[in-house]
Amino acid sequence: MSLKVYNTATRSLDTFEPLENGRATVYACGPTIYNHAHIGNFRTFLFFDLVHRYLEWSGYDVRFVMNLTDVDDKVIEAADAARTSISDHTGPFGEIFLDDCRTLGVRPVDRYPRATHYIGPMVDFIERLVARGHAYAADDGAVYFSIASFPTYGRLKGIDTSTLMAGARVEQDEYEKEDARDFALWKPATEMDERVGAAWDSPWGRGRPGWHLECSVMSTAELGETLDMHLGGEDLIFPHHENEIAQSEGATGKPFVRHWMHVKHLFVEGRKMSKSLGNFIRVRELLEEGYDPAAIRHLLISSHYRGDLNFTRAGLEGSRAAVQRLLDFETRLAGVTVDAMAEASELPGLAEEARAAFRVAMDADFNSADALAAVFRFVSGVNAALDRRDAVRPADRDSALDALRSMDQVLGLLEVARAARSVDDDLAAWVEQKIEERAAARADRDFATADAIRQELAARNIVLEDGSGGTRWKVVS
RNA sequence: GGCGCCGUGGCCAAGUGGUAAGGCAGAGGACUGCAAAUCCUUUAUCCCCGGUUCGAAUCCGGGCGGCGCCUCCA
């Protein structure tokens, strides 16, 4: 009964062991806020959220940090193209990103450090690396990390760097590097950098930090020198995270990260999502097309984070239906007839079974697909049990409701679905009025009128359910 | 070229040695004025070939097919 996580560094399923018992420090590489986030980004960010929620659900005292990159090549180019500054360009996109996160149910994390707020610590960090012989200043005003000074470089990705650059990818004369493999910690400012406000004073002159450095410095500043978990997309393994290890361990002499976890990139309609294929899907678009955010969330967590995930609109339809089943189940359970004198039911047993299966699934390297299966088995089991009975004990109902809501603390599906379906009082009053009219028509066996009313409501995504206790209504997506 | 991953029913997707979770879709039935919701029934020799084993979707070898990284893409 312990959490096992696949560790990219060891390439094996390791037992999660934080530095300090009961506490967990997590650093996740967040987005570069120069544009709208796409659906692939959110597979990763939703996984971060799953980790965040599950660690808390498991009782850890979690400190979770996700950076927002607000200065790098892409940001600078985008800001310059928009004839603005990097801060004016990234500000709104940062807000939009956080807004998308809220919509999809990504819980706020403890800190969202932005690189531009850490320039001082970054300069200090570079000086430490220089002092320890891991970095050197070049004549062009840049400071480079010396790969030769860090023998284990390449271990995370499992590559031998001595042959890595044997190919002719690197323009040897581009910078004043001592070794083609070396990477920049500090880059001298260009005219464009100055124009968009991406240049700061430093002991090496005007310039800006290298992208890899940002994460090493912010994670250390916010969480300490050794992190329990570091998360990111699979593309970041090399060189980004490899470089972070070299920088951080080079500067501190201590292990940087205990567990490295990486999320696999998703596919869209069976193909890699890429600009050249023109199949980028932004979260914004899906929301504007009217897709339920809970369905998006469901689809993105419906497969294991290290496995393939093929994102399709057909799949989104399926997820929409799955989420609706969950909502209907909660509504039914909450409204079930209770009777303290009723005989004991299967619900407490099913609830216990579901919680246990859910935990086993999530402990197995955050297997959300298996965890969802546990939830749906529970749904079927309880529905069948309720069909066999007229009433259940209040405590039995509560045990089932508690289990459902507890599991949703991690999955966040009901939570997001409810938020997306909130109705104002005016609409509710109108619907109630229509339902009364329909009830009167039905009493007169005037089914034509009754059906017309039902269709009028359906046109506004209101679906009716006639039961023994009267008519219930719900908003569907 | 180097390193690595994947191929499970119509679609999506768990399962890494004991004879196939779950969701969606479909078909039949129960319930309903009709629906909706729900329940019941129903749909897989796990890409192919060989091997190891009492036993393999799961391990090994080969093949076919798809893909990723080695480029500051989550």
Side-chain angles (χ1 to χ4, degrees), chain A residues 11 28-32 37-48 69 72-75 154 157-161 163-167 169-170 183-184 210-212 214 231-240 243 262-267 270-275 280 298-299 302-304 306-312 314-326 328-329 331-332 357 361 364 367-380 382-388 442 445-448 450-451 454-455 458 463-468 471-474 476:
Chain A
R11 297 177 189 222
C29 279
T32 298
H38 61 250
I39 200 69
N41 292 316
F42 270 95
R43 179 190 198 184
T44 300
F45 302 141
L46 247 28
F47 176 68
F48 294 171
T69 296
D72 80 337
D73 293 350
K74 295 195 299 286
V75 171
K157 179 71 177 175
I159 51 176
D160 177 0
T161 59
T163 61
L164 177 66
M165 297 299 181
R169 277 286 186 185
V170 175
F183 59 91
W211 178 52
H212 308 300
E214 299 175 3
L231 315 175
E234 62 172 344
D235 56 297
L236 299 181
I237 298 171
F238 189 91
H240 186 55
N243 290 357
H262 293 94
V263 184
K264 186 162 185 172
H265 283 190
L266 60 61
F267 275 35
R271 308 201 61 178
K272 181 186 178 182
M273 185 164 56
S274 70
K275 282 175 189 164
F280 260 77
H298 177 272
L299 183 53
S302 67
S303 82
H304 185 79
R306 284 189 288 117
D308 293 330
L309 172 60
N310 185 18
F311 191 95
T312 65
L316 217 39
E317 276 304 314
S319 286
R320 185 198 57 71
V323 166
Q324 190 63 52
R325 178 167 164 81
L326 236 35
D328 288 343
F329 174 67
T331 303
R332 177 184 194 187
N367 193 333
S368 50
D370 203 20
L372 278 167
V375 172
F376 280 101
R377 272 198 304 276
F378 174 64
V379 171
S380 295
V382 173
N383 268 328
L386 294 179
D387 272 6
R388 282 183 241 114
R442 291 178 75 207
R445 301 197 65 79
D446 176 4
F447 297 120
D451 289 348
R454 188 164 63 195
Q455 279 174 23
V463 170
L464 303 184
E465 292 177 11
D466 297 324
S468 55
T471 298
R472 190 142 56 196
W473 63 280
K474 66 184 178 187
V476 298

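Note that the coordinates shown come from a computational prediction; the quantities given were computed from them, not determined experimentally. Worth knowing before you read on, the calculation uses all heavy atoms, side chains too, and leaves out hydrogens, waters and symmetry mates.
- As a whole-Å value, the separation of A:His304 NE2 from B:rG7 P is 13 Å.
- To the nearest whole angstrom, the two C1' atoms, one in B:rG51 and one in B:rA13, are 30 Å apart.
- The two residues A:His212 and A:Phe183 have their closest heavy-atom pair at CD2-CD1, 4.0 Å.
- Under the 3.5 Å distance criterion, with hydrogens and angles disregarded, a donor-acceptor pair is assigned to the side chains of A:Gln324 and A:Asp328.
- Interface remark: the A:Ser303 side chain does not form any donor-acceptor pair with the B:rA13 base, using a distance-only criterion of under 3.5 Å.
- Taking the P atom of each, B:rA57 and B:rG18 are spaced 10 Å apart, rounded to whole Å.
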Identify all pairs in which a protein N or O lies below 3.5 Å from an N or O of nucleotides 65-69 of chain B, and state each distance.
{"residue": "B:rC69", "atom": "OP1", "partner": "A:Lys272", "partner atom": "NZ", "Å": "3.3"}
{"residue": "B:rC69", "atom": "O2'", "partner": "A:Lys157", "partner atom": "NZ", "Å": "2.7"}

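- Distance noted for atom P between B:rG4 and B:rC59: 16 Å (whole Å).
- Rounded to whole Å, atom C1' of B:rC39 lies 14 Å from atom CG of A:Asp328.
- Comparing B:rC5 with B:rG15, their P atoms are spaced 16 Å from each other, to the whole Å.
- Annotation: side chain to side chain donor-acceptor pair (under 3.5 Å) contacts involving residues 369-380 of chain A, sequence neighbours excluded, comprise A:Arg325-A:Ser380.
- Under the Watson-Crick and G-U wobble criteria, each requiring two contacts below 3.5 Å, nucleotide B:rU52 is left unpaired.
- Residue A:Asp387 contributes atom CG, which lies 14 Å from atom P of B:rA37 at whole-angstrom precision.
- Between A:His262 and A:Gly233, the shortest heavy-atom contact is CD2-O, 3.4 Å.
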Worksheet item: Which parts of nucleotides 20-27 of chain B does protein reach within less than 4.0 Å, heavy atoms only, written one letter per nucleotide 5' to 3' as B for base, S for sugar-phosphate only and - for none?
Response: -BSSS---
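- Separation of the P atoms belonging to B:rG65 and B:rC24 is 36 Å when rounded to the nearest angstrom.
- Remark: A:Ala385 pairs with A:Glu346, A:Leu347, A:Arg388 by the side-chain contact (heavy atoms from CB on, under 4.5 Å) rule, at least two apart or across chains.
- A donor-acceptor pair under 3.5 Å links the side-chain atoms of A:Ser302 to the main chain of A:Leu299, judged by distance alone.
- Spacing between atom CZ of A:Phe183 and atom P of B:rU71 amounts to 14 Å, rounded to whole angstrom units.
- The residue A:Gly232 sits close only to the backbone: its heavy atoms come under 4.0 Å of sugar-phosphate atoms, none of a base.
- Contact annotation for A:Leu236: backbone-only contact, meaning every heavy-atom pair under 4.0 Å involves sugar-phosphate atoms and none involves a base.
- By the side chain to side chain donor-acceptor pair (under 3.5 Å) test, A:Asn41 is found to be paired with A:His38, residues two or more places apart in sequence or in another chain being considered.
- Using a 4.0 Å heavy-atom distance criterion, A:Ile237 is classed as making no nucleic acid contact.
- When the P atom of B:rC73 is taken as reference, atom CZ of A:Phe45 falls 13 Å away, rounded to whole Å.
- For the C1' atom pair drawn from B:rG29 and B:rG63, the interatomic distance equals 47 Å after rounding to whole Å.
- Proximity note for A:Arg332 (side chain, C-beta onward) versus B:rA74, B:rC12, B:rU38: the nearest is B:rU38.
- Separation of atoms CZ (A:Arg306) and NZ (A:Lys264) is listed at 10.0 Å; rounding is to 0.5 Å.
- The distance from atom CG of A:Asn310 to atom C1' of B:rC12 is 8 Å, rounded to the nearest whole Å.
- Here the P atom of nucleotide B:rA14 and the CZ atom of A:Arg306 are 11 Å apart, to the nearest Å.
- Between A:Asp387 and A:Arg332 there is a salt bridge, with a side-chain nitrogen of the basic residue lying less than 4.0 Å from a carboxylate oxygen of the acidic one.
- Atom CG of A:Asp72 is separated from atom P of B:rU71 by 18 Å (rounded to the nearest Å).
- Counting non-hydrogen atoms under 4.0 angstrom, A:Pro31 reaches nothing in the nucleic acid.
- The shortest distance between side-chain heavy atoms of A:His298 and A:Leu326 does not fall below 4.5 Å.
- Using P as the reference atom, B:rG10 and B:rU45 are 9 Å apart when rounded to the nearest Å.
- Of the nucleotides present, B:rU41 is the one that pairs with B:rA27 by Watson-Crick or G-U wobble criteria, both distances under 3.5 Å.
- Taking atom C1' on both nucleotides, B:rU41 is separated from B:rC48 by 34 Å, rounded to a whole Å.
- Between A:Asn367 and B:rA14, a side-chain N or O to OP1/OP2 separation shorter than 4.0 Å is absent.
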Please list each protein N or O that sits under 3.5 Å from an N or O in nucleotides 33-36 of chain B, with the distance.
{"residue": "B:rG33", "atom": "N7", "partner": "A:Arg442", "partner atom": "NH2", "Å": "3.3"}
{"residue": "B:rG33", "atom": "O6", "partner": "A:Arg438", "partner atom": "NH2", "Å": "3.4"}
{"residue": "B:rG33", "atom": "O6", "partner": "A:Arg442", "partner atom": "NE", "Å": "3.2"}
{"residue": "B:rG33", "atom": "N1", "partner": "A:Asp451", "partner atom": "OD1", "Å": "3.0"}
{"residue": "B:rG33", "atom": "N2", "partner": "A:Asp451", "partner atom": "OD1", "Å": "3.4"}
{"residue": "B:rG33", "atom": "N2", "partner": "A:Asp451", "partner atom": "OD2", "Å": "2.7"}
{"residue": "B:rC34", "atom": "O2", "partner": "A:Arg454", "partner atom": "NH2", "Å": "2.5"}
{"residue": "B:rC34", "atom": "N3", "partner": "A:Arg454", "partner atom": "NH1", "Å": "3.0"}
{"residue": "B:rC34", "atom": "N3", "partner": "A:Arg454", "partner atom": "NH2", "Å": "3.3"}
{"residue": "B:rC34", "atom": "N4", "partner": "A:Asp466", "partner atom": "OD2", "Å": "3.1"}
{"residue": "B:rA35", "atom": "N6", "partner": "A:Asp466", "partner atom": "O", "Å": "3.0"}
{"residue": "B:rA35", "atom": "N1", "partner": "A:Asp466", "partner atom": "N", "Å": "3.0"}
{"residue": "B:rA35", "atom": "N1", "partner": "A:Asp466", "partner atom": "OD2", "Å": "3.4"}
{"residue": "B:rA35", "atom": "N3", "partner": "A:Arg454", "partner atom": "NH1", "Å": "3.0"}

